[in-house]
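Contents: one structure, followed by commentary.
The chains referred to below are lettered A, B, ... by the order of the sequence lines, with proteins before strands, and numbering in each begins at 1. Note that this is a predicted model, so its numbers are computed, not measured. In what follows, every heavy atom counts, from backbone to side chain, and hydrogens, waters and symmetry copies are set aside.
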There are 2 protein chains.
Amino acid sequence: MKTKDSKIPEATIKRLSTYVNYLGRLGTDSNPVISSEMLGESCQVSPAQIRKDLSYFGEFGVRGVGYDTKKLEAEIKDILGINHSWPTTVVGVGKLGQALLNFDFFRKHGFRIIVAFDSDPRKIGTKITDDIAILPTNDIENIVNEKKISIGIITTPTDWAQDVADKLVAGGIKGILNFAPIKVKVPESITLRNVSITSELDNLAYLLTQKKRQ
Amino acid sequence: MKTKDSKIPEATIKRLSTYVNYLGRLGTDSNPVISSEMLGESCQVSPAQIRKDLSYFGEFGVRGVGYDTKKLEAEIKDILGINHSWPTTVVGVGKLGQALLNFDFFRKHGFRIIVAFDSDPRKIGTKITDDIAILPTNDIENIVNEKKISIGIITTPTDWAQDVADKLVAGGIKGILNFAPIKVKVPESITLRNVSITSELDNLAYLLTQKKRQ
DNA sequence: CTAACAATGTGATAACTGTCACACAGTCGT
DNA sequence: ACGACTGTGTGACAGTTATCACATTGTTAG
Ligand SMILES: NC(=O)c1ccc[n+]([C@@H]2O[C@H](COP(=O)([O-])OP(=O)(O)OC[C@H]3O[C@@H](n4cnc5c(N)ncnc54)[C@H](O)[C@@H]3O)[C@@H](O)[C@H]2O)c1
Ligand SMILES: NC(=O)c1ccc[n+]([C@@H]2O[C@H](COP(=O)([O-])OP(=O)(O)OC[C@H]3O[C@@H](n4cnc5c(N)ncnc54)[C@H](O)[C@@H]3O)[C@@H](O)[C@H]2O)c1
């Protein structure tokens with residue numbers, strides 16, 4: 001894969017993720033090739049934007065024809081790094097944590113959840129879907145280190161998010177996806193993303209308010 | 001509230017949401033005033049950015065002093081439109097839907113969930129937390145219309161998201177928050193936001209891959 | 001073989017967003 | 001009362017991202 005070393009817009013990465021999703025669904029035997037216009041229709045992105053996004057990473061299409069659906073899907077998965085297995089853990093097996101643990105998207109995109117953690121004695125020792133054990137929070141550091149877990153997903157109450165992040169970092173985690181509504185602090189070397197479902201709702205409220213106020 | 005009619009960056013709205021969250025937590029009796037520097041420290045946003053964001057909507061601080069924590073919180077809630085009650089419904093009472101239904105953030109930000117919908121006969125007729133009934137999908141149009149529900153949250157499987165969106169629109173919904181990984185199509189007049197948890201994970205994978213590849 | 005065609009890849013340009021420096025307006029101590 | 005001080009509000013600037021137009025290149029029909 002040719003990666004031009006210029007900086008890639010974050011929005012481009014987000015769109016690539018969308019493209020992969022649609023390519024997986026649109027690719028059929030009767031329809032092995034797709035144009036940027038057709039893909040754009042589905043993803044609600046302009047054809048030029050799609051071509052620009054892809055051009056950051058190389059040339060994947062055939063001029064005058066379009067893109068091989070399956071091949072493009074594989075190429076983008078390669079770019080995103082979701083074509084292989086990331087050992088992953090979920091900390092906080094509450095409502096949201098359980099939803100994520102049962103979410104089949106993970107497997108499809110190469111996130112292999114191998115263990116979960118919680119502090120509730122009633123949950124510790126039980127299992128999620130056969131093979132995912134729930135271990136006590138105090139084991140985080142050891143297990144993350146031992147199992148070479150690279151991604152940690154935080155779904156604990158807000159007040160515990162920072163403590164959990166610290167334990168994950170101590171165990172040698174590489175990246176953290178945090179769902180608690182707080183900006184946890186981690187060393188520079190750790191890749192961190194905060195998911196803010198709440199701000200999406202606030203944004204919706206703002207847009208509706210705008211419309212009402214004209 | 002003074003609203004300058006120039007276009008506000010979406011990123012600004014997202015940050016305002018963050019500010020509200022921290023103001024609610026930082027505001028104490030012993031600490032009634034906060035500076036953009038202090039708030040920026042917590043939110044991991046530059047002080048200048050905070051002041052710029054606020055300046056789109058008016059002047060809320062006192063020069064040489066800072067912002068009245070409680071007052072600023074109220075002002076931002078007013079800007080975002082989360083200082084009053086939005087009648088809301090959740091469609092699809094699965095793992096994710098249940099997590100959202102039990103999420104106390106909603107009440108705090110003025111989203112009042114008054115009913116839920118599902119197509120599973122085993123779920124229809126049951127209740128969530130005392131007072132939220134689960135009704136059949138076919139009732140969506142009537143109930144949304146009757147109860148003047150303004151916001152619909154979609155947490156059904158992907159294949160049903162568009163159908164559910166159509167029903168919500170038919171009932172006169174104002175805004176939709178969609179968690180299914182598909183871009184549902186709605187009339188221009190409907191405010192739509194797609195929440196893509198999946199793309200957040202893909203983004204994390206990308207960042208980790210970048211780091212690995214150097 | 002060649003010309004008409006179709007859809008990509010990309011440089012130029014426009015639009016948007018964030019950063020910075022500083023004028024300005026309140027506050028507080030003397 | 002007034003000057004030193006502090007942190008806001010904002011215009012100018014820089015950096016980033018999206019849009020557009022079209023040159024380019026592979027395909028296909030005649
Ligand atoms: N529920 C939602 O829809 C939703 C949406 C967005 C964000 N969030 C955020 O996600 C987080 C979890 O939400 P939830 O609704 O699943 O809450 P929950 O109360 O259902 O689950 C929290 C879980 O974390 C466990 N826990 C508590 N302290 C812990 C610790 N120190 N270490 C490990 N586990 C611990 C609890 O035992 C519980 O199982 C919260 O921060 C919430 O703000 C939730
Ligand atoms: N679970 C997650 O963590 C997660 C994360 C991101 C996005 N999502 C998306 O959210 C959606 C729901 O995920 P989930 O894990 O909760 O799935 P789920 O299977 O647990 O729940 C789906 C629910 O929708 C109901 N349903 C099915 N068809 C319906 C219809 N036509 N009308 C109303 N209700 C209907 C089902 O009865 C079920 O209760 C999916 O589109 C998924 O891709 C889930």
Hits for side-chain contact (heavy atoms from CB on, under 4.5 Å) against S119(B), two or more places apart or cross-chain, chain-then-number order -> T137(B)

Residues two or more places apart in sequence or in another chain: which of them pass side chain to side chain donor-acceptor pair (under 3.5 Å) with S36(B)? R51(B)

Residues 142-150 of chain B side chain polar contacts: donor-acceptor under 3.5 Å, at least two apart:
unit_1, atom_1, unit_2, atom_2, d
K148(B), NZ, N145(B), O, 3.3
S150(B), OG, P87(B), O, 3.3

Counting primed atoms plus P, OP1 and OP2 as sugar-phosphate and everything else as base, spell out the protein contacts along nucleotides 20-30 of chain D at 4.0 Å heavy-atom distance: B, S or - for each nucleotide, 5' to 3'. BB--BBBS---

Taken in chain and number order and not counting sequence neighbours, the residues that satisfy side chain to side chain donor-acceptor pair (under 3.5 Å) with T198(B) are S196(B)

Within residues 33-40 of chain B, those residues having any heavy atom closer than 4.0 Å to DNA chain C are none

So, is Y67(A) close to the dG9(C) phosphate, meaning a side-chain N or O under 4.0 Å from OP1 or OP2? yes

If you take any heavy atom closer than 4.0 Å to DNA chain C, which residues from residues 191-200 of chain A end up in contact? none

With sequence neighbours excluded, tell me which residues meet side chain to side chain donor-acceptor pair (under 3.5 Å) with K167(A). D163(A)

Report all side-chain donor-acceptor pairs from residues 172-181 of chain B shorter than 3.5 Å, counting only partners two or more places apart or in another chain.
unit_1, atom_1, unit_2, atom_2, d
N178(B), OD1, A180(B), N, 3.0
N178(B), ND2, A180(B), O, 3.2
N178(B), ND2, I182(B), O, 2.9
N178(B), ND2, N194(B), OD1, 2.9

Who pairs with R193(A) by salt bridge (Lys or Arg N to Asp or Glu O under 4.0 Å), at least two apart in sequence or on another chain? E10(A), E200(B)

Got a sec? Which of residues 9-25 of chain A come in under 4.0 Å of DNA chain C, heavy atoms? none

With sequence neighbours left out, write down each residue that passes side chain to side chain donor-acceptor pair (under 3.5 Å) with S42(A), or none if nothing qualifies. none

